[in-house]
Amino acid sequence: MQSRRWFGGAGLSFADDPVTETLSQAIRGTGEELDREPDARVLFGSLRGSVVGLRYYTGVVNKGEMVSLVRQPQNPYDRNAVMVANVYGSQVGHIKRELAALLANIMDNNLARVEGVVPFGVKNQFTMSVVLSFWGREENRDAVVRQIASRSFKLQTGPTGTHTSVHQDIENYDYLRLGCRITPFPPLSLLQLKNAFDNLFENLMEDKIGEREAVEAVCTPLLPHQKQALSWMCVCENNAALPPFWEDKGGLFYNTLTHSSVRERPQRVRGGILADDMGLGKTLTTIALILSNFHHGKPLCEPVKAASSQSTDDPAARATLIICPLSVLSNWLDQLDQHVRADVKLNVYLYYGSERNRDTHFLSSQHVVLTTYNVLSADYSGSASPLHTVSWLRVVLDEGHIIRNPNAQQSKAVLKLNTQRRWILTGTPIQNNLRDLWMLVAFLRLKPFDMREWWNRVIQRPVTQGDKTGLQNLQALVKCVTLRRTKTSRVCGRPLVSLPKRSVRIEEVELTQKEREEYELARTEGRTTISRYVAEGTVLRNYADVLAILVRLRQFCCHPDLLGKTTTHTGVVAVTPAELRERLIVKLKLVLGTGSDEECAVCLDSVRLPVITHCAHVYCRPCIAEVIRSEQEQARCPLCRGQIKASELVEFPLEEEEEEESNLLENWRSSSKVEALMSSLLRLRSEDDSIRSLVVSQFTRFLTILEIPLREEGFKFVRLDGTMSQKRRAQVIQEFQGDAPGCPLIMLLSLKAGGVGINLSAASRVFLMDPQRTTVCVQKQDLVEKAFGTKNPSERKTSRVDEIRALMEL
DNA sequence: ACCGCCGGGTGCC
DNA sequence: ACCGCCGGGTGCC
């Protein structure tokens, strides 16, 4: 009887029963095995077995229901025992002894994953059938087949087995047997899959429209799309609807994907994923949610009487815990300060630093507790974690993609938090893998997918194997819990964020006679070179050269000194190492345009400490050094796959750079474009001295040139370019956005690299000094295509060459 | 009858 | 379990 308490009777209430806790952990454990073995994707076959001992357990199963198989090596009656549990973790029975011996062998040696589906409705109370399918790595197939045969079981392969009389429809049979369709349709192509994946989060807005005003306590008026988000979030928190794929079947709750039924209502998801693009106001919306939707949909506190609500006798959870990366902690404090009316006394506690107050009563009595992922996981690894003791009303994960790795301590810590409502704020819900999404689903406790096994069997594997139904299910699931808008999203035909009407003016600047002559000289030279490449069919081989010529022409249009003095070089085959080096430095200079904000293909950020390879591609020195270090002798250029060596990296001679820099400023001269800009800025200032302007160029050196006349005319300006640290960038933006008198009116901006979204709503004028043209776009698109292999090479080649010929009028 | 047969008790691992 | 198995009761037809 003692032992029965341990192995029997499992599966009623999940939360506080130590037996079921062990059970769910056991199930979770098997899921993680699969995760560690991502190759367990090949189906070896299936066989029919029986589950016994049903009458000892409460778990019920339906026709077609998926069940999980859990080894019980500690079972006192049989160390080979294999337990059968339904989707909800309730034990159903055991695998019959002889079959259990076989499964134990296969499972313990990690030869295959074994999954169960119950093919018929259960008629009797003692035993039932189960179809076991075996999934694993190809190299283990033989061993598994042998094991099964040696114990006189028959492994069935292929869908046309002996049971088709029972299930007329082979396709349906497969579904019942395995819980997924084995490609009755041709599998989705990689491209289809990728597109579907990219579109997962698009168009998640239907049915969610409806606006809700924030309570008075929020002093910043919400934009329409923020009111929509608030409305959606309130609905998510308040409604009692079943999670997706669950149906109420009169007393039982039925899951349409796993075909399981449970007596207790599946826990509702009170929360979701707010995945709006950066800059759409996720923070403000969340603050509005905290204040607007307290208990029973009532506001948290009315403006006047809020301060006194230190209600220790109220057992209901009231505090919202916000977890964010350290870098945005201060942003939360600022925004709480900025958006909450000054006369509203919101108790906000910053749970951070060694002196933090760990008293759980204190923490529970706050309205908002702010902390970081690091603090959370540091606490969690200790003994009694205060944050895990408090019963929260709401937990908000800011930059929620941070917890996408389920093995990380902070992810584990986050899953263990005790809260009624759960929110994930993220701008990038999926980085590149479906697995990233699991953690988010698990955090939301989206039953039954918070257990890896069901996520893997029902969603992840079907989707990665190209099963259309799997993809549809994934889409439906994501849609239920996610709101995502991008800056280009539209609702009811209106743009999400309506900006003042943008007007674009192209001002053509006439070059002076002298400038024109220099430009024409360079152009003729460039055309000669490129037409030779075209004739030889070597455009692509000399692509860096070609781009450099084009960059150079654009530089001439800005300012003749942008490039600095260089020797013309084209066409001479390098003979000596010194000559080669010289040529590479010239190329480096050309590619970088001595100060264009170039992007490193390794880190995708602005190039720092630039070096050029012998194949003429430019990277950050640390980035490419790491590539070479890790690939050793086989190291290849990430862009062209040409061989590269550490000894052959050429860097820009520092003295020369500095010399050119000071040269540039000492012998400063103007240019037509500089004059045009200055006269516009001066005219603007005389009309309205509060208008702020952004001056954008990809050539940082051009920005340097522009600093001189700006200072001369007494303009206050700031500068932002790719070489600056994140911290410095934030400072500069802050300074520019400020509205104190004497704030800079002009920002010199060069930000080609890094995918850094910056919100520069302060500027009402933007001067694009050297608008990006098609070649750059072509180049980038090319990188994307290379990465995904979406376009055939010859197609790519022609379009690129044609582009260049058109540009050079060849 | 140191068998066969009958029918009640019983039953996961 | 409308089974199989076990073990006690029973014993020509």
Side-chain angles (χ1 to χ4, degrees), chain A residues 1-14 17-31 33 46-134 144 147-148 150-155 162-163 165-166 258-263 451 453:
Chain A
M1 257 330 174
Q2 187 86 19
S3 48
R4 175 155 293 174
R5 201 199 160 305
W6 260 92
F7 297 100
L12 287 172
S13 68
F14 233 77
D17 181 343
V19 177
T20 46
E21 183 61 20
T22 316
L23 184 59
S24 72
Q25 274 166 3
I27 295 167
R28 241 177 256 273
T30 58
E33 303 271 295
S46 62
L47 60 81
R48 178 84 78 80
S50 48
V51 183
V52 293
L54 302 190
R55 66 170 164 148
Y56 298 99
Y57 309 101
T58 54
V60 284
V61 276
N62 300 310
K63 174 176 174 169
E65 178 166 344
M66 299 179 174
V67 290
S68 69
L69 304 169
V70 185
R71 276 283 287 124
Q72 276 184 339
Q74 301 300 324
N75 188 306
Y77 303 100
D78 182 359
R79 60 187 176 80
N80 290 328
V82 175
M83 183 197 90
V84 178
N86 70 12
V87 171
Y88 230 57
S90 304
Q91 180 162 7
V92 172
H94 279 103
I95 293 291
K96 213 171 154 56
R97 197 176 208 108
E98 304 75 34
L99 184 53
L102 166 67
L103 297 192
N105 199 321
I106 289 174
M107 290 164 87
D108 294 350
N109 292 311
N110 252 324
L111 294 174
R113 253 200 67 75
V114 190
E115 298 180 356
V117 172
V118 177
F120 316 111
V122 179
K123 291 182 290 286
N124 71 58
Q125 61 181 126
F126 302 103
T127 65
M128 67 181 180
S129 273
V130 63
V131 176
L132 303 170
S133 51
F134 297 80
V144 171
Q147 282 286 343
I148 293 172
S150 75
R151 291 175 195 250
S152 323
F153 288 99
K154 289 216 169 58
L155 186 70
T162 53
H163 305 292
S165 55
V166 181
T258 60
H259 305 281
S260 60
S261 303
V262 281
R263 227 173 292 279
M451 286 195 196
E453 174 164 5

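Below, read A as the first sequence line, B as the second, and so on, with proteins coming before strands; counting in each chain starts at 1.
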A:Arg97: salt bridge (charged side-chain N to carboxylate O under 4.0 Å, His left out) partners, not counting sequence neighbours: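 For A:Arg97 the salt bridge (charged side-chain N to carboxylate O under 4.0 Å, His left out) partners, ignoring immediate neighbours, are A:Asp78.
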Opposite nucleotide pairing with B:dA1, Watson-Crick or G-U, both atom distances under 3.5 Å: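 Because no pair has both required distances under 3.5 Å, B:dA1 counts as unpaired.
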Base of B:dC13 paired with side chain of A:Asp78 (donor-acceptor, under 3.5 Å):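 Between B:dC13 and A:Asp78, which were checked side chain against base, a qualifying N/O pair under 3.5 Å is absent.
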Counterpart residues, side chain to side chain donor-acceptor pair (under 3.5 Å), relative to A:Ser261 (two or more places apart):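 Side chain to side chain donor-acceptor pair (under 3.5 Å) list for A:Ser261, sorted by chain: A:Asn62.
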4.5 Å side-chain heavy-atom contact, A:Ser260 and A:Tyr88: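 No - every pair of side-chain heavy atoms lies 4.5 Å or more apart.
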Validation row: A:Val61, A:Val51 side chains within 4.5 angstrom (heavy atoms):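 No, every pair of side-chain atoms sits at 4.5 Å or beyond.
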In this structure, how many angstroms lie between the [atom2] atom of [N] and the [atom1] atom of [X], rounded?
X: A:Met128; N: B:dG11; atom1: CE; atom2: P; answer: 21 Å
X: A:Tyr57; N: B:dC12; atom1: OH; atom2: C1'; answer: 6 Å
X: A:Asn75; N: B:dC12; atom1: CG; atom2: C1'; answer: 9 Å
X: A:Phe126; N: C:dG4; atom1: CZ; atom2: C1'; answer: 13 Å
X: A:Leu54; N: B:dG11; atom1: CG; atom2: P; answer: 16 Å
X: A:Asn80; N: B:dC13; atom1: CG; atom2: P; answer: 12 Å
X: A:His94; N: B:dG11; atom1: NE2; atom2: P; answer: 17 Å
X: A:Arg55; N: B:dC12; atom1: CZ; atom2: P; answer: 6 Å

Proximal nucleotide (of B:dC13, C:dA1, B:dG11) relative to the A:Tyr56 side chain: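 Nearest to the side-chain atoms of A:Tyr56, counting from C-beta on, is B:dG11.
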Taking only the [atom1] atom of each, what is the distance from [N] to [M] in whole angstrom?
N: B:dC2; M: C:dC13; atom1: C1'; value: 25 Å
N: B:dA1; M: B:dC5; atom1: C1'; value: 12 Å
N: B:dG8; M: B:dC3; atom1: P; value: 25 Å

Closest contact, heavy atoms only, A:Glu65 versus A:Asn86: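 Looking at all heavy atoms of both residues, the shortest contact is OE2-CB, 3.2 Å.
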